[in-house]
Amino acid sequence: MLGEMLGEMLGETRYAILSRIQQNPEITTVKLAQELGLSTTAVEKQIGLLKEQGYLKRVGPAKGGHWQVVAG
């Protein structure tokens, strides 16, 4: 599981996204948005920031690939 320190550094939303992706690497942006009560645009923005910061990367194609949590 992701550590508390990482949660404090990232903020609640990004931490929740990473946590759910760690539990289910094949989760979709739409499913994340539903679970977190956010718009898909907001989730995509947060995922972009997580990728920029090096916490998350996409493995494989958009359809059929999966997410990989790099930090944690």
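The figures here come from the full heavy-atom set of this structure, side chains too, leaving out hydrogens, waters and symmetry mates.
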Do any side-chain atoms of residues 28-47 form donor-acceptor pairs under 3.5 angstrom with protein atoms, and if so which ones, sequence neighbours left out?
{"residue": "T28", "atom": "OG1", "partner": "K31", "partner atom": "N", "Å": "3.0"}
{"residue": "E35", "atom": "OE1", "partner": "R20", "partner atom": "NE", "Å": "2.9"}
{"residue": "S39", "atom": "OG", "partner": "A42", "partner atom": "N", "Å": "3.0"}
{"residue": "Q46", "atom": "OE1", "partner": "R14", "partner atom": "NE", "Å": "2.7"}

ask   = Are I17 and I27 linked, directly or through other ILVMFWY residues, by side chains that come within less than 4.5 angstrom of each other?
value =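 Per the 4.5 Å side-chain linkage, I17 and I27 are co-clustered.
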ask   = Which pairs with one or both residues in residues 56-68 pass side chain to side chain donor-acceptor pair (under 3.5 Å), sequence neighbours excluded?
value =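 Non-adjacent pairs meeting side chain to side chain donor-acceptor pair (under 3.5 Å): zero.
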query = Which is it for Y55 and L18 under the side chain to side chain contact (heavy atoms under 4.5 Å, CB included) test, yes or no, and what are the steps along the way?
reply = CA-CA 8 Å; Y55 291 108; L18 277 184; 4.0 Å; yes
query = Would you say the side chain of L56 lies within less than 4.5 Å of the side chain of V70, judging by non-hydrogen atoms?
reply =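 In short, these two side chains do not touch, never coming nearer than 4.5 Å.
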